[in-house]
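Reviewing the structure listed below.
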Protein chains: 2
Amino acid sequence: MISYPELLEKFKDLLKCNSLKFTKQRELILKFLYENEDHYTPEDIYMLLKQQHPDINIGIATVYRTLTLLEESKIVSSISFGIQGKKYELGLKKHHDHLICTKCGDIIEFYDETIEKRQEAIAEKFNFKMTGHTMKIEGICEDCQEEALEE
Amino acid sequence: MISYPELLEKFKDLLKCNSLKFTKQRELILKFLYENEDHYTPEDIYMLLKQQHPDINIGIATVYRTLTLLEESKIVSSISFGIQGKKYELGLKKHHDHLICTKCGDIIEFYDETIEKRQEAIAEKFNFKMTGHTMKIEGICEDCQEEALEE
DNA sequence: CTTGATGCAAAGCATTTGCACCACA
DNA sequence: TGTGGTGCAAATGCTTTGCATCAAG
């Protein structure tokens, strides 16, 4: 896994190459996603950053703008859930898919070589030039099943 | 594949069991999805129905309400795309997944036994009680690739 | 007749945009 | 210093809701 200073450097380079500026807000968002390996909505990130850094001013619009920028640069990735909206996570780890508990919203990541291979084969079969793929398994997680039994 | 009269009967039963009413609007939407085996946004359905049946009054709210009802009843299913929004299709056929062309928006359906099996195995491994699963492969379809070459 | 359904317009909600001001480079 | 970034508030776009009226049972 890439270290934070490395990631920061990568981000700064990317900004420089596109004559964009490095700002406190952009760094905060990047750092937040690096330090919190989970899935967050833009709103989540906005609220938590405001809370953790009362000294720094940040607007929700900047969070949206930065997340879009980071996603285009392949530094973060997003998945969208029905009601829960779109959530972002650092996108530097190996490609993976998600198990989502529809009761508590918990997200479990997994990687399955067989599925990856089949996806490639299917894209090829239809002469599709694959640019991305997502898989979501929805269900009830272990904990929520137990809770249901207790009731 | 189920015939339309059968489907209609099934829908009517379902309404009766829940003391809901059978209306022209509900039938129109069901019929539309039966006759047009494709993926539509609520807006699409609303516009096309108004166009095809200028005599019958229908509001966008009713389309949303009916689609929600049909989806809860497992008669239709939906997939959501990034910018293109949520699209509905008749959900009575065998479970399948989608290839989506990010250029022209075309959707190709496919079914892969290996992937289905692996998904079940994964859910089991994490003690997840699977209630649903979706897979989307994004890319550029054959036609759009050719177009790109011509430019 | 009773109850649920409908259309309309208003309200919601997440996301985007315009703009004057601010801060990197 | 100039250019791009920011926060704010207004605007947008999709979806839901409240309500008076309508129609199915």
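These numbers come from the heavy atoms of this one structure, side chains and all, not from hydrogens, waters or symmetry mates. Quick note on labels: first sequence line is chain A, next is B, and so on, each numbered from 1.
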Going 5' to 3' through nucleotides 19-25 of chain C, assign each nucleotide B (protein heavy atom under 4.0 Å from a base atom), S (under 4.0 Å only from sugar-phosphate atoms) or - (no protein heavy atom that close).
-> ----BBS
How many whole angstroms separate atom [atom1] of [X] from atom [atom2] of [N]?
X: L28(B); N: dT6(C); atom1: CG; atom2: C1'; value: 13 Å
X: E43(B); N: dT16(D); atom1: CD; atom2: P; value: 13 Å
X: L14(A); N: dG4(D); atom1: CG; atom2: C1'; value: 15 Å
X: H53(A); N: dT6(D); atom1: NE2; atom2: P; value: 15 Å
X: I60(A); N: dA14(C); atom1: CD1; atom2: C1'; value: 9 Å
X: F11(B); N: dA5(C); atom1: CZ; atom2: C1'; value: 12 Å
X: I29(B); N: dT6(C); atom1: CD1; atom2: C1'; value: 11 Å
X: Y46(A); N: dT16(C); atom1: OH; atom2: C1'; value: 15 Å

Measure up the F126(A) and F110(B) rings against each other and bin them: parallel (under 30°), tilted (30 to 60°), perpendicular (over 60°).
->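 Rings of F126(A) and F110(B): tilted, as their planes differ by 30° to 60°.
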Name the orientation class of the two ring planes belonging to Y4(A) and Y34(A) (parallel below 30°, tilted from 30 to 60°, perpendicular beyond 60°).
->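 Y4(A) and Y34(A): tilted rings.
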Among all residues two or more places apart in sequence or in another chain, which pass the ring pair (Phe, Tyr, Trp, His ring centres under 6.0 Å) test with F128(A)?
->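 F128(A): no ring pair (Phe, Tyr, Trp, His ring centres under 6.0 Å) contacts found.
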Is a side-chain N or O of R26(B) found less than 3.5 angstrom from the main chain of K21(B), in a donor-acceptor match?
->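 Yes, the answer is positive, given that a donor and an acceptor are paired below the 3.5 Å cut-off.
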Check for a donor-acceptor pair, side chain of T68(A) on one end and backbone N or O of Y64(A) on the other, with a separation under 3.5 Å.
->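 Side chain of T68(A) to backbone of Y64(A), a donor-acceptor pair under 3.5 Å: yes, one is there.
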Minimum-distance nucleotide to R26(B) side chain [options: dC8(C), dA5(C), dT15(D)] |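 Between dC8(C), dA5(C), dT15(D), the one nearest the side chain of R26(B) would be dA5(C).
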Ignoring the backbone of Y64(B), work out which of dC8(C), dT6(D), dC14(D) is nearest its side chain.
->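 Nucleotide nearest to Y64(B)'s side chain: dC14(D).
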Sidechain N-carboxylate O distance under 4.0 Å for K10(B), E6(B) =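 Not counted as a salt bridge, because no side-chain N and carboxylate O are separated by less than 4.0 Å.
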Electrostatic pair E142(B)-K129(A), nearest N-O below 4.0 angstrom =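 K129(A) and E142(B): not salt-bridged.
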Relative to the 5' end of DNA chain C, which residue comes earlier, S19(B) or T62(B), by the nucleotide with the nearest heavy atom?
->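 First, find each residue's nearest nucleotide; the 5'-ward one identifies S19(B).
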Starting from the 5' end of DNA chain C, give me the residue, L15(B) or A61(B), whose nearest nucleotide shows up first.
->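 Its nearest nucleotide being more 5', the pick is L15(B).
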For I58(A), answer base if it contacts any base atom (sugar-phosphate contacts may also be present), sugar-phosphate if it contacts only those atoms, and nothing otherwise; contact means non-hydrogen atoms under 4.0 Å.
->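 Result for I58(A) = sugar-phosphate.
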Taking all heavy atoms of E89(B) and all of D38(B), pick out the closest pair and write down the distance.
->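 Heavy atoms only, the tightest pair is CB-O, 3.5 Å.
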Please report how far the helix from dC1(C)-dG25(D) to dA25(C)-dT1(D) bends, comparing the axis fitted to its first five pairs with the axis fitted to its last five, to the nearest 10 degrees.
->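 Result, rounded to 10 degrees: 30°.
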Can a donor-acceptor pair be found between the side chains of S78(A) and E71(A) at a distance below 3.5 Å?
->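 Indeed, the side chains of S78(A) and E71(A) share at least one donor-acceptor pair under 3.5 Å.
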